[in-house]
Amino acid sequence: MARVLPKRDAVIIGLGWTGSILAQQLTDAGLNVVALERGPWRDTATDFNIAYMQDELRYAIRKDLFLKPSVEAMTMRNNAGQTALPMRDYGSFLPGDGVGGAGVHWNGQTWRFWDSDFSIKTHLTQRYGAAKIKGLQLQDWGVTWDEIEHSFDQYEYICGTSGKAGNIKGQIQPGGNPFESPRSRDYPNPPLRMPYASTLFAEKMRELGHHPFPLPSSNLSRAYVNPLGIRMGECTFCGFCERFACGNYSKASAQTTILPVLMKKPNFELRTDSEVLKVNLTQDGKMARSVTFLDAQGVEYEQPADVVAVCAYALMNVRMMLLSKIGTQYDPVSGKGTVGRNYCYQTSAGARLMFDDKHFNPFIGAGALGQTIDDFQGDGFDHSKLDFVGGAGISCTVSNGRPISNRPTVPGSPRWGAKWKQATVDGYQNSMGFGSQGSSYPVRENYLDLDPTYTDRHGRPLLRITFDFPDNDVRMSHYMSEQLEKLTKPFNAKYTAVARLQKGWNSVPYQSTHNTGGAIMGTDPTTSAVNKYLQSWDVPNVFVVGASAFAHNAGMNPTGTVGALAYWAAEAITTKYIKSPGALVPA
Amino acid sequence: MSKTLWAAVFVALSVPALAATTDAGKYQVILGDCEGCHGKDLAGGVVLETPFGRMVAPNITPDKETGIGNYTAQEFNLAMKRGVAPGGKRLYPAMPYPYYAHMPDSDVSAMWDYLRSVKAVKNRVNVNQLRFPFNLRVLMRGWNALFFRPQPIADASKSAEWNRGSYLVNGPGHCGACHAPKNAFGADKRALTGTSLQGWFAPDLTSEHHAGLGSWSRVDMVEYLETGRNAHSLASGPMAEAVENSTSRMTMADLDAMAVYLKDVPPSKGNGGGASGIDAQMKAGARAYELSCVACHGRDGKGSALFPPLAGNAAVRQVRADTVVRTVLAGAKAVATPKAPTGPGMPSFGWRLTDEQVANILTYVRNNWGNQAPAISPETVKRIRSELHSSS
């Protein structure tokens with residue numbers, strides 16, 4: 001029998017970015033909140049000790065900060081005709097673990113999806129006609145740009161994002177991204193200083209007539225005090241960002257932006273090492289009454305609450321809904337059901353250039369340090385004569401020169417011995433790259449459900465991912481590879497290689513931890529799991545917050561939009577829901 | 001909801017006088033930093049390491065069995081101001097009754113009212129864990145005869161603010177309990193010139209310019225006491241607790257009064273001046289500083305809005321190196337206050353820096369950018385490292 005704890009106003013599942021944002025906003029509104037975090041407590045000075053954080057073997061290779069498959073694995077397959085098998089090691093993507101979640105080890109690229117993303121179906125249909133998007137399950141998100149712009153602003157100012165506005169209230173700003181949707185004001189901090197490779201990239205792109213700009217970075221360009229009064233440090237370009245936590249207080253994370261204030265609040269409690277098994281519903285299934293969780297000793301507790309906020313990683317949010325029977329499982333055959341629908345990923349390609357006489361000094365790096373062109377992003381360019389929709393940001397970032405994984409050599413070089421060593425020496429200073437990070441659009445056959453065979457350590461079914469790159473996205477990515485070929489020309493590199501995406505997603509090599517969808521927001525309860533406020537259509541005191549709500553994925557890193565959605569949902573709860581509990585949008 | 005509301009209204013209507021004195025009493029608890037030793041819930045249990053052995057602060061909640069629920073107001077007053085508990089039991093001056101002796105009876109009485117109102121917690125504390133013969137309370141009679149002589153702290157020639165500041169610093173604030181050197185019997189000697197305790201060095205608070213706070217303005221002092229940080233320094237260790245529990249919750253008028261008084265404390269003899277003949281240490285220290293310290297504290301030692309400066313930081317320039325050495329070896333966590341909530345941490349470098357490297361870095365830091373302080377030897381680092389190991 002579970003021990004029943006005193007009822008709270010709200011229980012939050014997972015204390016990463018979205019959980020921390022919701023906890024902060026809900027407690028500010030006076031609610032009594034408890035957060036349940038499966039992983040351990042993590043704090044900058046003690047757990048991200050700058051004296052040993054640069055241990056590449058421990059953090060980047062052995063993945064010390066990531067979710068272990070023994071805690072939660074997933075099964076994966078490319079299509080419904082295959083039998084999905086569980087991962088023994090996470091590869092293609094790396095979910096986070098512990099307080100701060102994936103926001104601890106992210107790179108800090110802080111993009112805003114575009115106005116045309118939030119109303120993508122309407123936009124593309126109006127511009128090209130319905131036939132253009134046939135076969136794609138594109139849907140409007142329900143929220144509009146004008147409604148959510150201030151939530152992006154809120155998130156950027158919490159993070160101290162460093163960048164250059166390209167469009168302030170419709171006025172194009174020199175040096176910024178002219179394609180971005182209008183923003184109410186500039187970033188809180190100026191862009192980071194640029195390394196040589198990114199500077200060279202920007203020069204060449206400008207010569208080609210494109211529009212390079214410093215990519216928006218939550219690695220801070222200067223010391224900053226955020227609106228909560230929390231101080232952050234200036235990024236030191238240490239080159240240990242992605243897969244690492246920041247020991248310098250200069251990469252935005254829950255730890256560096258929210259937790260110092262949140263953890264002191266008398267109306268907030270955090271329980272770490274507490275794994276939520278499911279959300280418990282009332283008998284009629286119309287309301288959530290509590291969540292069941294296990295503590296580190298395996299003792300089972302029941303935590304009653306008026307509001308349940310599911311704030312785990314996107315994929316875990318979907319699994320939590322399925323395990324708790326909130327909403328109905330999506331069926332790719334009939335196209336009916338909502339939970340598991342519109343799972344998307346990221347569709348990327350890259351170019352590598354090698355020279356004889358450069359000194360790129362790649363060790364001067366940061367997670368989100370570089371220049372981007374959005375000339376081929378989203379629907380920023382005309383697709384009427386093209387055989388696809390969607391696009392990609394093309395960025396030259398310099399994230400690291402770490403000794404184990406960053407040893408580029410010219411193809412054909414020996415793979416070992418003295419000559420290999422010499423080739424890595426030559427390649428280290430002479431190599432640069434840039435890549436396209438492309439959109440991922442939903443199709444009927446890509447989806448998430450519970451695996452019929454494999455279970456976790458508590459006997460619960462694992463999540464099953466059925467995914468392959470849709471033909472539209474493959475065509476888009478091949479188009480980007482062609483653009484990359486053209487973009488490499490003016491560099492006159494000694495050696496150039498451009499990758500082309502292959503059909504047949506491989507779950508082993510690392511690609512991207514930008515898994516989206518599965519509990520998507522929308523206007524129609526038959527095609528979306530949550531409404532425009534991220535509130536479950538089926539169980540209105542459940543809010544499901546994160547990239548799980550993305551109705552598709554754009555060619556940008558998702559965290560900026562995840563943060564904005566979290567502020568957006570929190571605002572709906574604190575200004576609308578607690579005044580009048582119930583469905584915020586009539587079904 | 002409504003039940004609670006009615007209860008609140010009832011309380012407000014029926015006992016306004018008591019509410020006022022418990023508020024006033026709560027402020028006295030803040031001024032006296034009672035939570036610092038007796039814990040957030042005042043139920044005791046905080047361990048004090050003294051040269052005479054361990055002491056554990058007792059439970060002062062109204063619990064009758066394990067707290068002070070059986071005290072009378074008069075008995076409480078005697079304990080606060082004379083160090084005598086019911087039954088004639090002598091308190092040790094770890095309970096700073098020589099300071100509290102300056103408090104007017106009305107404030108002690110308000111404190112008593114407040115302590116009667118807090119939640120009673122059952123928590124039995126084994127207070128006296130001192131070594132023989134110090135564990136014999138009867139010895140305290142002799143100690144009191146020798147050292148318990150409350151000196152006048154008022155000065156009619158000074159301003160009202162100065163006098164309030166003197167009262168707060170030398171009375172309930174008991175700053176000297178940490179910052180005044182002790183004699184062999186644990187009694188305070190010269191006031192506020194700094195001393196080692198519990199593995200830290202409580203710094204010189206006088207107006208001396210190298211080890212003391214001579215370069216701090218009145219505004220700097222208030223900012224530090226209120227927020228735990230200012231342009232010169234950042235509170236950590238035992239001072240972090242004092243700021244969190246006490247000074248950050250004081251009124252601005254009281255903080256300003258303390259600043260006025262502290263600015264007027266005559267300078268100490270300083271730290272003995274800079275080191276000489278340390279070229280090799282300075283050179284090696286500069287190299288090691290570049291590798292391990294520059295990212296946060298800066299090449300110019302000026303720190304940043306987040307990390308404290310080392311240039312001009314009095315904590316760095318104390319005559320004894322306890323605080324700086326332990327901070328490098330074991331790390332430290334800065335205080336977090338409502339006005340400065342970040343509470344950044346200094347990570348531990350003990351595992352990767354040798355005694356010699358630590359000594360070199362700190363000698364360099366203590367004698368660079370205008371800092372002047374005695375050199376630190378590897379032997380000193382070794383001693384502090386072994387003390388840290390034995391205390392953890």
Side-chain angles (χ1 to χ4, degrees), chain A residues 7 9 24 30 32 42-55 158 160 189 219-240 245-266 306 364 366 578, chain B residues 1 4 40-41 226-231 234 236-237 240 244-245 248-249 288-299 302-309 327-354 357-358 361 392:
Chain A
K7 187 175 178 180
D9 295 326
Q24 170 63 20
N32 192 325
R42 286 189 166 138
D43 177 63
T44 302
T46 41
D47 300 294
F48 313 149
N49 185 334
I50 198 161
Y52 60 71
M53 204 62 230
Q54 304 85 343
D55 186 339
I158 279 289
N189 288 306
N219 316 140
L220 270 61
S221 62
R222 61 181 180 191
Y224 175 68
V225 183
N226 83 5
L228 297 179
I230 297 169
R231 288 168 187 266
M232 302 176 70
E234 178 182 345
C235 175
T236 59
F237 300 87
C238 77
F240 293 82
C246 184
N248 247 65
Y249 298 85
S250 47
K251 175 168 74 174
S253 65
Q255 277 83 353
T256 53
T257 64
I258 296 171
L259 297 185
V261 167
L262 176 64
M263 295 305 297
K264 295 249 168 193
K265 288 183 170 177
D306 287 331
I364 305 171
I578 56 175
Chain B
M1 182 80 80
T4 329
K40 289 256 183 237
D41 59 359
E226 187 198 9
T227 69
R229 65 176 302 285
N230 63 17
L234 188 58
S236 61
E244 184 177 349
N245 298 323
S248 69
R249 298 156 76 188
Y289 180 87
E290 178 80 20
L291 287 175
S292 289
C293 318
V294 153
C296 295
H297 296 288
R299 206 157 271 136
K302 285 187 179 153
S304 73
L306 181 64
F307 306 112
T327 301
V328 171
L329 292 177
K333 178 96 174 150
V335 65
T337 54
K339 289 253 175 85
T342 316
M346 162 86 179
S348 149
F349 282 82
W351 68 282
R352 90 163 199 210
L353 294 175
T354 63
Q357 285 170 322
V358 174
I361 288 173
S392 62

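The chains referred to below are lettered A, B, ... by the order of the sequence lines, with proteins before strands, and numbering in each begins at 1. This one's a predicted model, so the numbers in the text were calculated from it and none came from an experiment.
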Student: Look at Ala336(B), Gly343(B), Ser348(B) and state which one has the largest set of heavy-atom pairs under 4.5 Å with chain A.
Tutor: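 Most heavy-atom pairs under 4.5 Å with chain A: Ser348(B).
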Student: Which residue out of Asn49(A), Ile230(A), Thr44(A), Thr256(A) racks up the most heavy-atom pairs below 4.5 Å with chain B?
Tutor: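 Of Asn49(A), Ile230(A), Thr44(A), Thr256(A), Asn49(A) has the most heavy-atom pairs under 4.5 Å with chain B.
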Student: Strictly below 4.0 Å, N to O, side chains only: are Glu244(B) and Arg249(B) in salt-bridge contact?
Tutor: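 No, this pair does not count.
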Student: Tell me, for Tyr52(A) versus chain B, whether the close heavy atoms (under 4.5 Å) come from the side chain, the backbone, both or neither.
Tutor: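 Both parts, heavy atoms under 4.5 Å.
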Student: Counting only non-hydrogen atoms closer than 4.5 Å, does Leu228(A) touch chain B with its backbone (N, CA, C, O), its side chain (CB onward), both, or neither?
Tutor: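 Backbone of Leu228(A) only, per the 4.5 Å heavy-atom cut-off to chain B.
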Student: A side-chain contact here means heavy atoms from C-beta on lying under 4.5 Å apart; do Ser248(B) and Thr227(B) qualify?
Tutor: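 Not touching, per the 4.5 Å side-chain cut-off.
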Student: If only side-chain N and O atoms count, and only distance matters, is there a donor-acceptor pair under 3.5 Å linking Lys40(B) with Asn245(B)?
Tutor: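 Per modelled atom types, Asn245(B) and Lys40(B) side chains form a pair under 3.5 Å.
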Student: Please state whether the side chain, the backbone, both or neither of Asn226(A) comes within less than 4.5 Å of a heavy atom of chain B.
Tutor: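 For Asn226(A), there is no contact with chain B at all, as no heavy atom is under 4.5 Å.
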Student: Looking just at side-chain N and O atoms, do Ser292(B) and Arg352(B) make a donor-acceptor pair shorter than 3.5 Å?
Tutor: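 Short answer, yes.
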Student: Answer with side chain, backbone, both or neither: which region of Ala223(A) has an atom nearer than 4.5 Å to a non-hydrogen atom of chain B?
Tutor: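 Side chain only.
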Student: Has Lys333(B) got more than 12 heavy atoms of other residues, nucleotides or ligands less than 6.0 Å from its NZ?
Tutor: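 Enclosed.
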